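Keep in mind the model is a prediction, meaning the values are calculated, not measured.
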Amino acid sequence: MTGANQLDNEQAEYLLESAVEDVYDAVMDEVEDEDLDEDALWFREELQKHKTLGWLYRPSVIQISVALFMFSISTAIGSPANQVVLYQLSCNSVAKDGICDPVAAQLLFSTFSQFQMVALGVLPIIISSRFGELSDRFGRKPFIATIFVGVATHKVINYFLITKSNVLPFNALLIFDFICSAFGGMAPLVAMLQSYVTDVIAPHERTFSIGLVSASLLVGQALGPILSSFMVSLIPTDDGKGINFDLNSIEAYIQISKKQLYPMRIELVILILVALYGVFILPESRGEKARSKSRSNSMASDIETFQQLRALQHPPSFWKKASHYINVFKPLALLTYPSSAVPNNQKQYETRNRLVVYILILAAALCNSTIISMGQITVQYGMLKFQWGAQEIGYFMSVYSTSAAIVLVFLSPILTKVILQQYFKFKTMKRQIDLVDISTLIFGRGCDAIAFLAMVYSTNTPQFLSNFCILALGAPANPAATASLLKFFPASKTGEFFGAMALLHSLLGLFMPVLMMGLFKYFITEGTPQFTYLAYSGINLVYIVFILGVKRIMNISTSTREDELRRRSSSVSFANYDSSH
């Protein structure tokens with residue numbers, strides 16, 4: 001009974017403290033309204049306006065998560081069938097006397113895949129550089145809908161190219177891959193979705209909400225292959241043997257069966273529905289005042305730029321004007337945290353905050369760009385070390401995606417709300433990184449470092465795959481990093497910020513995966529391919545050191561409050577006022 005009473009007293013104490021803090025925060029919010037910049041005030045008005053709308057017309061995390069889930073699961077359903085059909089067409093292309101040379105087919109298919117990565121990767125870099133800024137000015141919905149429509153159109157064209165040919169339409173597929181990539185890709189889509197979430201969620205709730213969007217993507221990726229296999233098993237065939245989706249058993253020239261294309265047809269239907277949803281139903285998340293402010297800021301920036309050009313060159317040449325608009329790397333300037341991006345209530349801490357932003361961006365770029373190649377390296381390592389086949393590769397994809405989704409949806413709130421805020425009494429802050437953010441980042445990257453280190457010593461597939469459950473515990477780190485960085489930028493720069501980050505990751509994604517793959521090949525020649533995971537573990541440990549440096553620079557402790565510095569400056573003003581009277 002004594003233990004129960006003590007627990008009740010602790011719970012009552014926590015509830016009383018929370019209630020007092022809520023009242024205090026409400027009072028301080030009223031006092032701080034005069035100190036908030038215009039963007040923050042408009043953002044607060046928009047959140048209140050959203051609450052008055054019906055569920056169908058209200059922009060929300062649920063609406064965008066459902067759309068992303070359907071988008072993800074559709075592509076995951078069609079992907080296995082698409083890969084097998086393309087390989088079969090490659091086999092038909094190199095077949096002699098009706099017999100397929102598997103080596104020649106694999107070389108052709110690999111060559112096509114390499115060219116396809118280039119064709120699909122060039123234009124999205126340019127798109128990433130413009131979508132973010134333009135979405136601040138014109139809203140998120142037009143660009144999200146454009147990407148959905150573009151992907152659906154791309155898949156429809158590819159389907160007809162594949163079904164109208166008995167051999168691999170190498171050039172035609174690559175041409176339309178390149179053209180359709182102008183509508184955007186995965187990097188611009190993720191940037192737009194994160195911007196959408198940021199528009200409709202208060203700063204202290206963004207970590208969980210961005211994580212929920214990531215979870216919807218992961219769940220779709222995990223369920224898609226399972227549903228695809230289930231659907232294929234239900235499709236009757238004339239010979240009663242079932243549809244062949246085993247690459248190793250493709251040995252001869254054959255006509256692609258229409259039944260073999262059913263998963264791709266289901267993918268098309270879902271993608272078209274998602275595109276229609278994006279065009280006609282998905283509500284706009286960015287308010288008219290915010291869009292108007294961004295357009296005004298953009299015009300003012302253009303005028304200032306042209307005035308500077310006139311001062312240097314009379315008059316500015318056509319190419320000078322054109323380069324201002326088509327400069328692909330222009331959005332990266334925002335990541336230098338210029339004075340124009342510093343909120344008015346943070347001007348006095350501009351130098352300190354700029355250093356923190358640099359560290360956070362460097363840490364995020366280092367981890368995200370190197371982890372891109374982890375999936376491909378893991379598949380090859382599994383095939384080399386544990387003799388993986390298609391089934392084991394499917395297990396690998398499902399284990400991590402499912403585990404990460406569970407962590408983001410269920411365990412992440414427990415970590416941030418119950419453990420960090422209730423048990424450790426850490427405070428959340430709206431306009432600067434706090435101990436909840438820092439603890440989540442350190443915990444996440446610490447789990448990653450431990451998981452990668454454990455992979456080095458795994459001796460069988462169950463051991464190896466179990467480490468990905470540990471790796472999934474680090475999933476909340478990415479949403480927390482994004483939410484932390486957003487606190488340093490005004491609401492009018494949200495889309496531009498995500499566009500700049502997408503551009504940075506796309507640029508690093510061109511060579512960092514190649515570097516990690518080269519490291520993996522080097523360790524293979526040395527007979528120690530498992531040491532690649534030591535590199536991944538070391539990168540996460542460096543990340544933790546960076547975050548500890550941020551904590552030191554910001555001088556954050558459990559007693560730090562967001563209004564602390566503001567009240568200090570106010571007390572000085574009041575003291576001066578009293579002395580003058």
Side-chain angles (χ1 to χ4, degrees), residues 32 35-44 46-47 128-137 139-140 190-207 209-210 285-287 289-298 300-301 329-365 368 428-434 437-438 441 478-505 550 553-554 562:
E32 290 174 356
D35 294 336
L36 292 176
D37 59 15
E38 197 174 32
D39 295 328
L41 291 173
W42 287 348
F43 178 71
R44 182 179 294 181
E46 284 298 319
L47 292 184
S128 298
S129 70
R130 304 305 301 170
F131 265 26
E133 180 183 354
L134 292 174
S135 72
D136 280 340
R137 293 156 58 181
R140 318 297 184 198
V190 171
M192 289 298 97
L193 295 176
Q194 290 178 330
S195 300
Y196 192 100
V197 171
T198 304
D199 292 337
V200 300
I201 293 297
H204 64 283
E205 298 175 346
R206 285 174 181 166
T207 297
S209 298
I210 294 175
S285 63
R286 190 159 175 80
K289 288 183 178 179
R291 282 180 276 163
S292 178
K293 172 71 176 299
S294 295
R295 288 194 293 268
S296 299
N297 289 343
S298 178
S301 176
F329 305 107
K330 177 185 174 184
L332 294 179
L334 181 66
L335 301 185
T336 64
Y337 204 57
S339 297
S340 59
V342 181
N344 293 330
N345 51 19
Q346 294 290 323
K347 291 291 186 182
Q348 56 185 322
Y349 314 116
E350 181 176 337
T351 302
R352 180 200 67 182
N353 289 356
R354 181 175 290 114
L355 177 59
V356 170
V357 168
Y358 287 169
I359 294 175
L360 291 175
I361 290 175
L362 176 61
N368 294 338
T428 59
M429 303 182 193
K430 299 177 181 178
R431 292 182 291 278
Q432 74 172 50
I433 191 171
D434 52 55
D437 299 325
I438 290 174
L441 293 172
N478 280 335
T482 302
S484 300
L485 272 169
L486 276 173
K487 293 180 179 181
F488 293 93
F489 293 87
S492 61
K493 299 286 187 179
T494 299
E496 189 176 349
F497 164 77
F498 281 117
M501 290 298 293
L503 174 59
L504 177 62
H505 290 155
V550 168
I553 294 170
M554 298 295 290
E562 189 167 30

Rounded to the nearest 0.5 Å, how far apart are CG of L486 and OG1 of T494?
-> 6.0 Å

Rounded to the nearest 0.5 Å, what separation is found between the NZ atom of K347 and the CG atom of N353?
-> 11.0 Å

Note, D437 side chain near K487 side chain (heavy atom, < 4.5 Å) | yes

When every non-hydrogen atom of I361 is compared with those of L335, the smallest separation belongs to CD1-O, 3.6 Å

Nearest 0.5 Å please: distance from the OG atom of S195 over to the CD atom of E496.
-> 10.5 Å

What's the spacing between L355 CG and I553 CD1 if we round to 0.5 Å?
-> 4.0 Å

Once you round to the nearest 0.5 Å, how far does CD1 of I359 lie from CG of L485?
-> 11.5 Å

For A483, does its backbone N or O pair with a side-chain atom of R206 as donor and acceptor, under 3.5 Å?
-> no

Between the CD atom in E46 and the CG atom in D199, the distance rounded to the nearest 0.5 Å is 9.0 Å

Please check if the side chain of T482 supplies one atom and the backbone of N478 the other of a donor-acceptor pair under 3.5 Å.
-> yes

Hey, can you tell me if F489 and F497 have their rings parallel, tilted or perpendicular (30° and 60° cut-offs)?
-> tilted

For S339 and E350, the nearest pair of non-hydrogen atoms, with its separation, is OG-OE2, 2.6 Å

Whether R140 side chain and R286 backbone form a donor-acceptor pair below 3.5 Å = no

